[in-house]
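Side chains are part of it too, since the values below use all heavy atoms of this structure and drop only hydrogens, waters and symmetry mates.
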Amino acid sequence: MSEENEDVSAVEEWSDISAIDILILVLIFGFVCWIIWSKYFRKDETKVRTLSLSIPKAGGGIVSRSFLERAQSGGHRVVLFYGSQTGTAESFASRVAKECKGLGLTAFVYDPEDCDDWDQLAQFRDMSHSIGEVLTVFCIATYGVGDPTDNSIEFVDWLKSTDVDLSGLNFAVFGLGNKTYEFYNEIGRIVDKRLEHLGARRLCPRGEGDADGNIEDDFLKWKEVFTNSVIKTFEIDPDEIGQFVGRDYDVVYHSNEELDQLQLYTGEPHRLHSFEKQNPPYDAKNPILAEITSVRELHTGGGRSCLHMELNISGAKMKYHAGDHMALCVQNERQLVESLGRRLSIDLDQVVSLNAKDEMATKKHPFPCPCSFRTALTHYLDLTSLPKTHLLKELANHASEPCEKNRLLELTEGSEEGRKKYQEFILDAQ
């Protein structure tokens with residue numbers, strides 16, 4: 001009788017345990033098993049995460065995505081990092097790189113998004129023993145409400161939290177922002193302050209460009225100070241300045257026989273055939289082809305227009321968050337492209353590729369290649385914005401008339417007189 005009572009009691013005790021209790025016990029058991037496996041049986045993956053990634057190189061081999069390895073292998077003395085959302089900071093970095101090359105200093109532009117080990121900045125001091133002083137330049141924009149650009153988030157987070165010793169590192173900063181926002185040039189100021197705090201040596205005062213004003217003029221004023229500081233620090237002979245500038249890209253003309261074997265871009269900003277097969281997520285490199293369903297003028301005045309536009313993004317799996325904005329990928333007008341083609345005496349249907357002369361460059365082409373001249377002029381090149389001074393300087397190198405060449409060079413001078421002429425002849429003439 002006592003055994004039966006014990007069995008009944010045991011059944012009653014088990015009946016009090018609910019399904020939730022059993023689930024909790026299973027989860028606890030699984031968690032304990034995971035801890036034991038992670039500690040004693042899991043393979044060490046830490047080293048895998050810290051290895052420098054590599055990308056394919058034209059003609060075979062690989063190009064390291066480590067900025068330190070690339071600087072060491074190429075003997076580069078200037079490395080330019082950019083934090084860019086719309087391309088302006090990247091453009092400025094490229095122009096500074098070309099300026100440095102004109103001074104006889106090998107330089108390259110690097111996307112912070114490609115880096116997986118920012119502690120490598122501390123190792124630049126060791127390079128100075130073999131190739132001389134090394135300089136890092138940061139052209140970095142502030143985006144949104146005092147935030148870093150998408151491609152510089154990890155760098156800024158690292159810079160804010162690290163305590164690595166950067167003594168022996170030379171740096172210069174040009175920040176981009178907009179004074180209509182509360183946190184004007186916040187990221188540029190943070191980068192400048194933190195680099196100094198970690199022991200790096202500032203080459204020249206930080207520059208700040210205001211997108212609500214004349215950011216080109218802001219950049220030119222800073223670049224003049226920067227260039228003079230570089231000449232002094234690197235002890236450059238003034239007589240040799242400008243003798244080292246060359247083309248960044250080689251033009252390859254593809255024959256009709258090659259076309260069947262080529263994958264041609266037709267306007268896609270990044271992924272081939274992305275316009276034919278649309279897949280989310282959508283961003284600047286993968287824009288959505290959205291139908292414009294409504295357009296109406298809200299008001300006009302002061303020579304400006306304000307449009308209300310509605311676009312159909314149903315099925316795009318996109319959600320609006322406060323502060324979001326929309327960017328448009330525009331095309332140049334067909335008549336303008338045709339006119340420019342006639343002016344340049346080129347066959348607009350000729351397929352070409354622009355390939356970087358530097359085999360170690362991570363950016364192999366200035367825009368998606370191969371493509372036709374027509375595609376490049378329609379989708380990839382800005383034909384209507386006012387020409388910047390660096391473009392005028394490039395045009396001067398190809399001017400056949402001495403008087404026209406001198407006139408163009410006058411507009412590119414960094415002096416006060418040169419900026420005044422540029423303002424009058426280019427900006428005020430629009």
Side-chain angles (χ1 to χ4, degrees), residues 80 82 84 86-105 107 109 137 139 141 172 174-176 204-205 207-231 236 238-249 303 332 336-337 339-346 354 366-367 376-377 380-430:
L80 299 103
Y82 64 89
S84 185
T86 61
T88 305
E90 181 181 4
S91 173
F92 284 167
S94 297
R95 291 167 63 179
V96 175
K98 197 154 192 173
E99 185 82 13
C100 291
K101 292 175 183 177
L103 299 175
L105 300 174
V109 179
V137 182
C139 294
F174 183 79
L176 296 82
C204 65
E208 292 187 347
D210 179 18
D212 190 51
N214 188 343
I215 195 170
E216 174 71 13
D217 192 45
D218 296 335
F219 172 70
L220 292 177
K221 290 178 181 177
W222 173 82
K223 188 164 70 72
E224 182 179 6
V225 176
F226 167 83
T227 302
N228 292 332
S229 299
V230 171
I231 293 173
I236 296 171
D239 294 333
E240 297 182 350
I241 295 176
Q243 298 180 12
F244 307 92
V245 179
R247 291 186 178 182
D248 294 326
Y249 299 94
N332 290 310
L336 177 60
V337 172
S339 174
L340 187 57
R342 290 191 296 271
R343 182 67 173 171
L344 297 175
S345 300
I346 58 175
L354 271 66
F367 48 76
L377 294 174
Y380 300 137
L381 301 180
D382 185 354
L383 304 181
T384 57
S385 293
L386 296 176
K388 302 292 191 298
T389 55
H390 70 285
L391 177 58
L392 297 177
K393 185 175 292 186
E394 291 284 347
L395 292 174
N397 293 331
H398 300 281
S400 57
E401 296 292 335
C403 60
E404 293 182 356
K405 180 175 182 177
N406 292 334
R407 176 59 170 160
L408 288 171
L409 290 176
E410 287 178 357
L411 299 174
T412 66
E413 293 177 359
S415 63
E416 188 66 33
E417 181 65 21
R419 289 193 290 268
K420 182 180 179 181
K421 291 181 178 179
Y422 178 83
Q423 177 72 36
E424 294 175 352
F425 188 73
I426 302 296
L427 300 182
D428 294 344
Q430 61 178 315

Donor-acceptor contact present, side-chain Asn332 to main-chain Leu381, <3.5 Å: yes
For a quick test of reading the model, state the closest non-hydrogen atom pair linking Ala396 to Leu409 and the distance between them. CB-CD2, 3.7 Å
Tell me if a side-chain donor or acceptor on Asp382 pairs with a main-chain N or O of Thr384 at a distance below 3.5 Å. yes
Qualifying residues under ring pair (Phe, Tyr, Trp, His ring centres under 6.0 Å), relative to Phe174, sequence neighbours excluded: Phe92, Phe219, Trp222
4.5 Å side-chain heavy-atom contact, Glu99 and Lys223: yes
Given side chains that start at C-beta, do those of Gln423 and Asp428 come closer than 4.5 Å, heavy atoms only? yes
Evaluate the criterion side chain to side chain contact (heavy atoms under 4.5 Å, CB included) for residue pair Asp217 and Leu427; output intermediate values, then yes/no. CA-CA 11 Å; Asp217 192 45; Leu427 300 182; over 6 Å; no
For the atom pair NZ (Lys388) and OG (Ser91), what is the distance rounded to the nearest 0.5 Å? 7.5 Å
Where Ala107 and Leu80 come nearest, the two heavy atoms and their spacing: CB-CD1, 4.0 Å
Hey, could you give me the CG/CZ distance between Leu386 and Phe425, rounded to the nearest 0.5 Å? 11.5 Å
Hey, does Tyr422 have a side-chain heavy atom less than 4.5 Å from the side chain of Leu392? yes
To the nearest 0.5 Å, what is the distance between CG (Leu340) and CD1 (Ile346)? 6.5 Å
Beyond-backbone contact of Leu220 with Glu224, side-chain heavy atoms, under 4.5 angstrom: no
One should read off an interatomic distance between Leu336 CG and Arg343 CZ, to the nearest 0.5 angstrom, of 13.0 Å
For Thr389, which of Glu394, Arg419, Arg95 qualifies under side chain to side chain contact (heavy atoms under 4.5 Å, CB included)? Arg95
Apply salt bridge (charged side-chain N to carboxylate O under 4.0 Å, His left out) to the pair Glu410 and Arg407, showing each step before the final yes or no. CA-CA 5 Å; Glu410 287 178 357; Arg407 176 59 170 160; 3.5 Å; yes
What heavy-atom pair brings Leu383 and Leu377 nearest, and what distance separates the two atoms? CD1-O, 3.5 Å
Spatial distance of atom CG (Asn397) from atom NZ (Lys405) [nearest 0.5 Å]: 6.0 Å
On a heavy-atom basis, the closest approach of Val109 and Ala97 is CG2-CB, 3.8 Å
Please report the interatomic distance NZ(Lys393) to CD(Glu413), rounded to the nearest 0.5 Å. 9.5 Å
Minimum heavy-atom separation for Ala172 to Cys204, with atom names? CB-SG, 4.1 Å
